[in-house]
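Comments concern the structure below.
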Amino acid sequence: MYRSLIKKNTVYLLFLFFFSFLINTFFYYNRSSVVISFSVDFLFNILSDLTALTILLWLILKMTSRSGIVLQRIVWILYLFLYNLFSSYRYKSKINFDYSVWADNFYESFYFESLELIFQSISIKILFFGMIPLIFLFLHKEIKESEKRLPFYKISLFLFIYVLLSSFSDNENDPFASFSKSFYSYYFSEDFASDNIKKEFPFIRKQKESSDPRLESYADKPNIILLAIESFNENFINESFKNDNKLTPFFNELKKEGAYIERFYGNSIQTSKGHFATLFSLIPSYKAKVFTSFANVKFKSLPDILKDYGYRTYFLMAHQHPKFDNTERFLTKNGFDAVESLFPFLTEKEINDIWGWGMEDSLFYRKLFNYLDHRKVENNKNEPFFIFAATIMNHAKFDVPVDKKIVVRESYSLLENYYNSVRLVDEYLKVFFEEMEKRDYLKNSIIIITSDHSYPLGQHGLNHNETSYYEEFFRIPFLIIWNNHITPAVISDDVYSQMDIAPTILDLINITPPKHHFLGRSIFKKDDNLNNAFLVQPYNGGYLGVVQLPYKYIRSVKTDKEILYNIIKDPGENKNIIDSENTEIVEKFRELVQKSYMNYYLLKKNKIWDE
């Protein structure tokens with residue numbers, strides 16, 4: 001009697017799960033941007049994933065059946081909930097949930113803004129419909145517990161079958177196997193042979209001629225203000241919405257006053273990774289975040305060098321949490337005199353008017369210059385400033401209050417939200433320059449306008465920045481202005497990235513440190529060799545890339561798959577030419593991408609800097 005009931009119970013629960021699987025699969029492949037090709041591979045993946053998930057659930061049910069029907073139901077509900085939670089994330093982002101997203105951002109996920117973003121990354125519709133079988137479960141009363149234990153050899157056999165099925169599938173419909181594989185890849189996969197390292201500190205470069213900081217005059221040095229605008233996608237510069245309504249009219253005019261790089265890349269897809277590349281001229285780690293996981297590694301950053309030559313260095317942010325991503329501790333240790341949020345300087349009314357992730361740009365700029373005014377009074381030696389100013393207003397999901405919407409008054413899509421948000425970014429840049437014009441002590445200043453990272457807005461059907469490797473994930477603006485020193489120009493004959501910013505600044509102000517670990521190069525120093533832009537997508541299995549015109553090379557960390565685009569002839573990145581291109585070209589890129597692996601290895605071994 002018990003055996004027949006437990007069999008009936010197991011079959012019933014498996015049937016309910018099968019129903020949930022069909023709902024999720026239907027909704028996912030019914031999306032207009034997902035093209036279904038009923039090939040043998042497609043059908044095999046669907047069936048193998050369903051079989052694998054069914055075996056896993058059957059094992060769980062059998063292993064818990066002797067513990068009581070209440071526990072068995074709880075386990076089944078948990079299994080179903082997790083399956084639908086992962087599936088709802090896949091529905092929104094179009095990829096399975098990657099363990100590295102959780103591992104790299106665990107502590108940051110408890111901030112309110114992060115929780116809100118996580119909630120927005122889940123489809124409530126999918127979660128609701130996928131959990132419909134729960135209703136039938138609670139209506140099903142005729143279930144009793146079993147006293148029969150599942151033999152160990154059967155558990156082992158079915159686990160082996162599950163692993164085997166998961167191994168031969170791409171696991172697109174099996175979030176548990178996909179998550180497990182990403183867990184393994186995060187901790188155990190690494191493709192770098194340490195035997196290839198010829199020096200103990202291979203990134204350190206010694207200069208033949210260096211400038212002596214003791215002979216430097218403060219009066220000769222300009223102030224440097226680096227404005228890192230949140231999620232500033234270069235694709236929207238010069239773009240129009242409707243009736244030739246430009247999205248960035250002020251910035252378009254501003255470009256005429258300085259040097260603008262047409263092909264400029266953020267080296268990765270997150271704020272702390274972008275700031276790391278900018279301030280340290282190193283490749284962001286493709287596993288973990290340097291700010292949090294390698295906080296005790298020794299570096300010689302841009303602010304460290306500038307301090308040696310008499311600069312006051314300040315990192316100022318519009319986000320209210322300087323401890324987010326361990327920013328305050330890490331950057332204070334690495335050369336900044338102060339790392340501060342400007343939230344404490346707000347009035348009660350200003351705090352009540354806050355929306356989004358933090359201070360809107362216009363308010364941030366006014367508070368920034370007020371802050372500099374006070375620091376100027378304290379600065380008896382008249383030392384020049386290096387200011388790194390990080391905005392936050394233009395953060396995903398780009399929700400702008402109705403009374404501040406300029407482009408689309410009734411915006412419903414993420415793209416329309418971005419139109420409004422980036423238009424507001426442009427409008428508030430006027431405030432920055434208006435405030436700067438009021439201050440004579442800032443007349444001799446280098447202004448750099450760039451971003452922490454880009455953000456995809458559906459160009460390849462993707463709207464989450466942890467999903468892929470296309471141009472829109474990395475391209476950001478870069479404009480550098482220094483009146484009477486930099487000749488206005490548009491530079492389009494080479495590629496540059498955040499890693500080139502620190503060398504460019506030092507080159508402009510004629511500072512040559514005795515040695516450094518910078519991997520970038522100044523945009524004003526031309527030679528016969530084309531420059532490289534290193535790209536790091538740490539999630540969705542991980543992708544490492546290198547851009548050297550006219551090519552863009554991508555390698556999957558998880559699968560070792562290689563992709564090569566000619567981004568001049570194929571700007572849409574539609575045709576992979578890895579098998580048809582010259583072997584020497586491909587080998588050159590394979591060698592270049594090893595720097596990303598070596599970078600991670602050196603971070604783990606604390607072999608970046610020797611002092």
Side-chain angles (χ1 to χ4, degrees), residues 222-234 236-238 246-261 264 271 274-275 278 312-319 338 340-343 345-346 350 353-376 384-395 398 400 404 406 420-452 476-486 488 501 505:
N223 300 296
I224 305 163
I225 303 178
L226 196 161
L227 190 56
I229 296 174
E230 173 70 39
S231 303
F232 204 0
N233 185 326
E234 201 274 339
F236 292 85
I237 305 301
N238 279 328
K246 297 291 184 184
L247 293 174
T248 57
F250 180 74
F251 187 77
N252 296 347
E253 291 299 312
L254 202 61
K255 285 166 54 180
K256 300 174 183 177
E257 299 181 20
Y260 184 76
I261 310 295
F264 195 85
T271 297
H275 292 347
T278 300
R312 292 282 190 95
T313 57
Y314 302 108
F315 185 98
L316 305 175
M317 57 196 301
H319 191 218
E340 296 191 58
S341 166
L342 296 186
F343 250 74
F345 301 94
L346 299 182
E350 289 169 338
D353 291 339
I354 292 294
W355 52 273
W357 274 61
M359 301 166 65
E360 67 180 23
D361 290 358
S362 58
L363 179 60
F364 175 61
Y365 296 149
R366 292 188 178 99
K367 294 299 179 181
L368 182 149
F369 285 105
N370 289 340
Y371 180 93
L372 294 184
D373 291 342
H374 286 95
R375 290 294 189 178
K376 178 66 177 173
F385 291 128
F386 170 62
I387 309 299
F388 191 107
T391 75
I392 196 68
M393 181 189 75
N394 194 45
H395 198 288
F398 314 110
V400 174
K404 296 181 183 293
I406 300 174
N420 285 318
S421 187
V422 80
R423 182 66 182 83
L424 207 56
V425 165
D426 184 77
E427 190 69 21
Y428 288 160
L429 271 176
K430 297 176 185 177
V431 176
F432 177 90
F433 285 93
E434 287 168 2
E435 291 295 318
M436 190 167 172
E437 284 294 319
K438 298 175 184 177
R439 291 158 172 86
D440 288 337
Y441 70 89
L442 293 176
K443 293 295 183 186
N444 182 26
S445 294
I446 296 172
I447 307 299
I448 296 173
I449 301 174
T450 185
S451 181
D452 54 349
I476 61 176
F478 180 85
L479 174 65
I480 183 165
I481 301 171
W482 189 11
N483 292 333
N484 303 319
H485 290 81
I486 294 178
I501 293 176
I505 290 173

Identify the two heavy atoms, one from [X] and one from [Y], that lie closest to each other, and give their separation to 0.1 Å.
{"X": "S445", "Y": "M436", "value": "CB-CE, 3.4 Å"}
{"X": "A390", "Y": "F364", "value": "O-CZ, 3.7 Å"}
{"X": "F264", "Y": "P477", "value": "CD2-O, 4.1 Å"}
{"X": "L368", "Y": "A389", "value": "CD1-CB, 3.3 Å"}
{"X": "I229", "Y": "S451", "value": "O-OG, 2.6 Å"}
{"X": "N483", "Y": "I481", "value": "OD1-CG2, 3.7 Å"}

For the backbone of [Y] and the side chain of [X], can you confirm whether one donor and one acceptor N or O come within less than 3.5 Å of each other?
{"X": "D361", "Y": "V425", "result": "no"}
{"X": "K246", "Y": "N238", "result": "yes"}
{"X": "N420", "Y": "V400", "result": "no"}
{"X": "D426", "Y": "F250", "result": "yes"}
{"X": "T313", "Y": "F386", "result": "no"}
{"X": "T391", "Y": "E230", "result": "yes"}

Exercise: do D373 and Y441 side chains pair donor with acceptor under 3.5 Å: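 Distance-only check passes for D373 and Y441.
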Ignoring hydrogens and angles, state whether a donor on the side chain of S231 or N394 is under 3.5 Å from an acceptor on the partner side chain.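 No, no side-chain donor-acceptor pair sits under 3.5 Å.
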[X] vs [Y] side-chain heavy atoms within contact, under 4.5 Å:
{"X": "E257", "Y": "P488", "answer": "no"}
{"X": "P249", "Y": "R423", "answer": "yes"}
{"X": "R439", "Y": "K376", "answer": "no"}
{"X": "M317", "Y": "I392", "answer": "no"}
{"X": "I354", "Y": "E350", "answer": "no"}
{"X": "Y260", "Y": "F478", "answer": "no"}
{"X": "L346", "Y": "M359", "answer": "yes"}
{"X": "I486", "Y": "I480", "answer": "yes"}

[X]/[Y] aromatic ring centres below 6.0 Å:
{"X": "H319", "Y": "F343", "result": "no"}
{"X": "F369", "Y": "F432", "result": "yes"}
{"X": "Y371", "Y": "F345", "result": "yes"}
{"X": "F232", "Y": "F251", "result": "yes"}

Kindly compute the distance separating [atom1] ([X]) from [atom2] ([Y]), expressed to the nearest 0.5 Å.
{"X": "D353", "Y": "E360", "atom1": "CG", "atom2": "CD", "answer": "8.0 Å"}
{"X": "E435", "Y": "S362", "atom1": "CD", "atom2": "OG", "answer": "10.0 Å"}
{"X": "I261", "Y": "E234", "atom1": "CD1", "atom2": "CD", "answer": "11.0 Å"}
{"X": "L372", "Y": "R312", "atom1": "CG", "atom2": "CZ", "answer": "12.0 Å"}

Would you please test L429 and L227 for side chain to side chain contact (heavy atoms under 4.5 Å, CB included) and show each step? CA-CA 10 Å; L429 271 176; L227 190 56; 3.7 Å; yes
Apply salt bridge (charged side-chain N to carboxylate O under 4.0 Å, His left out) to E437 and K443, showing your working. CA-CA 8 Å; E437 284 294 319; K443 293 295 183 186; 3.6 Å; yes
May I ask you to decide if the ring planes of H275 and F388 are parallel, tilted or perpendicular, using 30° and 60° as cut-offs? perpendicular
Evaluate salt bridge (charged side-chain N to carboxylate O under 4.0 Å, His left out) for E340 paired with R375, printing each intermediate quantity in order. CA-CA 13 Å; E340 296 191 58; R375 290 294 189 178; 3.1 Å; yes
Please determine whether side chain to side chain contact (heavy atoms under 4.5 Å, CB included) holds for the pair I476 and N233, giving the CA-CA distance in whole Å, both sets of side-chain angles, and the decisive distance to 0.1 Å. CA-CA 5 Å; I476 61 176; N233 185 326; over 6 Å; no
Could you please spell out the steps behind the side chain to side chain contact (heavy atoms under 4.5 Å, CB included) verdict for T278 and L226? CA-CA 10 Å; T278 300; L226 196 161; 3.8 Å; yes
Between E434 and K438, does any NZ, NE, NH1 or NH2 come within less than 4.0 Å of an OD or OE carboxylate oxygen? no
Partner of I225 under side-chain contact (heavy atoms from CB on, under 4.5 Å), chosen from I448, I387, I446, I449: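 Only one of I448, I387, I446, I449 forms a side-chain contact (heavy atoms from CB on, under 4.5 Å) with I225, namely I387.
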